[in-house]
Amino acid sequence: MIKLEICLIKLNLKNDGTIMKSEILDHERMNRPGQRFYKILAESALRAVKLCQPLRVPSTGYERWKELQLNFDAREMLEG
């Protein structure tokens, strides 16, 4: 049985919603033994975010949303 995981991704955005920087917050975990599913989840989540840019962002309040953390839950991705 595959243990379902949550992957955290941090984004730094430009004011037009394009990504300046993205990172998987637990990147070290990807190369540990037994973490193949987590690595696939993390890489898939990062690709999905990049494909969606520019992200739809508010026209105001840039200082509040210029840095985001997204939580990808494998249960939601597989059950969706």
Side-chain angles (χ1 to χ4, degrees):
M1 183 174 142
I2 295 174
K3 180 182 174 192
L4 299 179
E5 304 287 348
I6 293 178
C7 172
L8 306 176
I9 294 180
K10 180 179 173 183
L11 301 176
N12 293 92
L13 302 173
K14 295 180 183 178
N15 62 356
D16 66 355
T18 56
I19 299 169
M20 287 189 295
K21 181 181 175 186
S22 60
E23 81 180 278
I24 298 165
L25 291 180
D26 195 4
H27 190 269
E28 303 82 38
R29 180 177 170 191
M30 293 173 57
N31 296 317
R32 291 185 201 148
Q35 297 298 313
R36 182 173 174 266
F37 182 78
Y38 178 80
K39 182 175 182 173
I40 292 168
L41 170 66
E43 289 173 345
S44 295
L46 196 55
R47 273 194 308 276
V49 169
K50 289 179 179 180
L51 286 172
C52 290
Q53 65 179 324
L55 303 178
R56 291 178 61 195
V57 294
S59 58
T60 60
Y62 176 66
E63 289 301 314
R64 289 190 310 248
W65 55 259
K66 69 180 180 180
E67 185 176 293
L68 297 176
Q69 178 178 307
L70 303 177
N71 304 321
F72 286 86
D73 186 332
R75 292 172 297 193
E76 291 180 18
M77 293 171 74
L78 296 174
E79 293 171 3

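Keep in mind the model is a prediction, meaning the values are calculated, not measured. We number each residue from 1, following the sequence as shown. Below, each value reflects all heavy atoms present in this structure, side chains not excepted, and no hydrogens, waters or symmetry copies.
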Task: Reported CG-to-CG distance for the pair Leu11 and Leu70, which is rounded to 0.5 angstrom - done: 4.5 Å
I'd like a table of donor-acceptor pairs (distance under 3.5 Å, sequence neighbours excluded) in which one partner is a side-chain atom from residues 31-42, with atom names and distances.
unit_1 : atom_1 : unit_2 : atom_2 : d
Gln35  : OE1    : Arg29  : NE     : 2.6
Gln35  : OE1    : Arg29  : NH2    : 3.0

Open item on the list: Show the nearest heavy-atom pair for residues Leu46 and Ile9, with the distance to one decimal.
Closed with: N-CD1, 3.5 Å
TODO: With sequence neighbours left out, write down each residue that passes salt bridge (charged side-chain N to carboxylate O under 4.0 Å, His left out) with Glu67, or none if nothing qualifies.
DONE: Lys10
Sequence neighbours left out, cut at 3.5 Å: what donor-acceptor pairs do the side chains of residues 15-28 make with other protein atoms?
unit_1 : atom_1 : unit_2 : atom_2 : d
Asp16  : OD1    : Thr18  : N      : 3.0
Asp16  : OD1    : Thr18  : OG1    : 2.7

Task: Qualifying residues under side-chain hydrogen bond (donor to acceptor under 3.5 Å, both in side chains), relative to Lys14, sequence neighbours excluded - done: none
Open item on the list: Show every salt bridge (charged side-chain N to carboxylate O under 4.0 Å, His left out) that has at least one partner inside residues 46-60, sequence neighbours left out.
Closed with: none
